[in-house]
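So the structure is just underneath, and the comments pick up after that.
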Amino acid sequence: MEIATWNINGVRARIETLIAWLKEAGPDIVCLQEIKTVDEGFPRGEIEALGYHVATHGQKGFNGVAILSKTTPDEVTNGLAGDPEDPQSRFLEAVYSIEGGALRVCALYLPNGNPVGSEKYPYKLAWMERLHRFAESRLALEEPLILAGDYNVIPHGHDCWNPEVWKDDALFLPQTRAAFQALEGLGLTDAVRATSDATGLYTFWDYQAGAWPKNYGIRIDHLMLSPEAADRLLETRIDKHVRGWEKPSDHVPVIGRFDFRFRER
DNA sequence: ATGGCCAATATCATTGGA
C-alpha cells in the first residue's frame with residue numbers, strides 16, 4: 001500500500017495536476033495540504049471518479065487539508081486537539097481497517113511561523129507542542145500511525161541547499177528543529193531518512209528566483225511513523241519530476257510504500 | 001535568499017506562503 005503527502009497549493013487551481021499524478025502513481029491514501037477552499041469548493045466529483053473517498057477539513061482562502069483514500073475510513077476527526085478556539089484548518093485524522101487491525105493516518109499542515117518576530121512564530125511552536133501531546137496519546141495505542149504532512153521544518157542542514165541562508169528562518173531555527181526532534185524522541189520515525197542518507201532530497205522549491213532550475217530546494221514534507229508503521233515500511237520516494245510539470249505546486253508528493261492491506265468489507 | 005512567483009479574494013491591490 002502506498003501512502004503519500006502533498007502540499008497541493010490550491011486544489012481548485014491544481015485539479016488537472018492532481019488528477020494527472022493520481023493516474024500516474026495510483027496511491028492508496030493521499031494527505032493533501034493547502035487545499036485553499038471550503039469543503040463545498042473541493043472538486044470532489046473528479047476525485048471520486050478516480051475511485052477515491054474524499055475527506056476534507058477546509059477553510060476559506062487559506063490552509064485546509066484533505067485525505068483521499070481508495071477505501072472509506074471508519075472514522076474521521078477534524079482539527080488538532082489542544083485548542084478548541086484555533087480557527088485554522090490544519091489537521092485531519094482518519095482511521096482505516098487493515099488486515100490485522102487499524103491504520104491511523106493524519107494529514108497535517110504545520111504553521112510556517114515567519115516572520116519570526118511576529119505572533120506567527122509562537123503560534124507555530126504552540127502548534128508543535130499540541131502535535132507533540134497528540135502524538136504521545138496516539139503512540140500509547142501501539143498501532144500503525146502515520147503523521148503525514150507539510151511540517152514546515154527543515155530537520156537538518158543537509159535537508160536544504162544552503163543552511164546558512166536558512167539559519168534565522170522559522171523553518172530552521174534551533175527551537176523549531178528541537179521541537180521536531182522531540183517528536184522523534186517520542187518514537188516517531190522520519191520515513192525518508194529511515195530509508196536514505198542521501199543529500200539533496202528536497203520536497204519544496206520556491207517559485208521565485210529560479211529556485212527549481214537551480215535546485216535550491218528544502219525537505220519540509222515528512223511522513224512520521226509510529227514503530228508499528230515503521231516496521232512495515234518497505235521504501236519511500238519523492239516524486240520530484242512533478243515539480244517540472246505544467247502549473248506545478250511548489251511542493252512535490254512524498255510517498256511511502258508499506259506492507260499493509262485494507263480489510264475487505 | 002530572492003533574477004522577474006503564485007493563489008485567493010470580489011481585486012484591479014492586498015495577504016499569505018516559504
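The sequence lines fix the lettering, A, B, ..., with proteins before strands; numbering per chain opens at 1.
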Could you label the plane-to-plane angle of the A:Phe260 and A:Phe258 rings as parallel, tilted or perpendicular, counting under 30° as parallel and over 60° as perpendicular?
-> parallel

Between B:dA1 and B:dT14, how far is it from one P atom to the other, in whole Å?
-> 24 Å

N/O (side chain, A:His251) to phosphate O (OP1/OP2, B:dA18) under 4.0 Å | yes

Between A:Tyr52 and A:Ser69: side-chain donor-acceptor atoms closer than 3.5 Å | no

Tell me what A:Asp221 touches on the nucleic acid: a base, only sugar-phosphate, or nothing, going by heavy atoms under 4.0 Å.
-> nothing

Here the residues of residues 11-24 of chain A within 4.0 Å heavy-atom distance, strictly under, of DNA chain B are A:Arg12, A:Ala13, A:Arg14

Separation of the P atoms in B:dG3 and B:dT15, to the nearest angstrom = 23 Å

For the residue pair A:His158 and A:His156, categorise the inter-ring angle as parallel (less than 30°), tilted (30 to 60°) or perpendicular (more than 60°).
-> parallel

For A:Lys214, answer base if it contacts any base atom (sugar-phosphate contacts may also be present), sugar-phosphate if it contacts only those atoms, and nothing otherwise; contact means non-hydrogen atoms under 4.0 Å.
-> base

Roughly, in whole Å, what's the span from CH2 in A:Trp161 to P in B:dA1?
-> 10 Å

B:dA8 and B:dG4: how far apart are their P atoms, nearest whole angstrom?
-> 24 Å

What does A:Glu34 touch in the nucleic acid at a heavy-atom separation under 4.0 angstrom: a base, only the sugar-phosphate, or nothing?
-> sugar-phosphate

Do the ring centers of A:Phe91 and A:Tyr109 come within less than 6.0 Å of each other?
-> no

Could you tell me the separation between the OH atom of A:Tyr202 and the P atom of B:dA1, rounded to a whole number of Å?
-> 17 Å

Give the B/S/- string for nucleotides 11-16 of chain B, one per nucleotide from 5' to 3', where a protein heavy atom under 4.0 Å of the base yields B, of only the sugar-phosphate yields S, and otherwise -.
-> -----S

More 5' along DNA chain B: A:Ile220 or A:Val165, using each one's nearest nucleotide?
-> A:Val165

Give a yes-or-no answer on whether the side chains of A:Glu34 and A:Asn7 include a donor-acceptor pair shorter than 3.5 Å.
-> yes

Are A:Asn152 and B:dA18 close enough that a side-chain N or O sits under 4.0 Å from OP1 or OP2?
-> yes

Which is true for A:Tyr109 with a 4.0 Å heavy-atom rule: it touches a base, it touches only sugar-phosphate, or it touches nothing?
-> sugar-phosphate

Stacked cation flag A:Arg177 on A:Phe172, 6.0 angstrom / 45 deg | yes

Do the side chains of A:Leu147 and A:Leu80 join up, straight or via other hydrophobic residues, at under 4.5 Å, putting them in one cluster?
-> yes

Within this structure, what is the NZ-to-C1' distance between A:Lys124 and B:dG17, rounded to whole angstrom?
-> 12 Å

Round to the nearest Å and state the distance from A:Asp206 atom CG to B:dC6 atom P.
-> 10 Å

Just by modelled atom types, is the A:Asn112 backbone N or O under 3.5 Å from a matching donor or acceptor in the A:Lys124 side chain?
-> yes

In whole angstrom, give me the gap between the C1' atoms of B:dT2 and B:dG17.
-> 14 Å

Consider only side-chain N and O atoms of A:Thr203 and A:Asp221, and report whether a donor and an acceptor are under 3.5 Å apart.
-> yes

Taking only N and O in the side chain of A:Asn112, is any of them less than 4.0 Å away from OP1 or OP2 of B:dA18?
-> yes

Between atom CG in A:Asn114 and atom P in B:dA18, what is the gap in whole Å?
-> 9 Å

Can you tell me how far P of B:dA18 sits from CZ of A:Arg243, to the nearest Å?
-> 13 Å

What closest approach, in Å, do A:Ser89 and A:Gly58 show between heavy atoms, and which atom pair accounts for it?
-> OG-O, 2.9 Å

Among B:dA1, B:dG17, B:dG3, find the nucleotide with the atom closest to the side chain of A:Gln208.
-> B:dG17

Would you indicate which nucleotide in B:dA18, B:dT9, B:dC5 comes nearest to any side-chain atom of A:Lys60?
-> B:dT9

Rounded off to whole Å, could you give me the CD-to-P distance for the A:Glu40 and B:dA8 pair?
-> 16 Å

Select base, sugar-phosphate, or nothing to describe what A:Asp168 touches, counting heavy atoms under 4.0 Å on all strands.
-> nothing

Provide the distance between the two P atoms, one in B:dC6 and one in B:dA10, to the nearest whole Å.
-> 22 Å

Test of ring centre spacing under 6.0 Å for A:Trp21 and A:Trp6 = yes

Rounded to whole Å, the CD-C1' distance (A:Gln59 to B:dG17) equals 13 Å

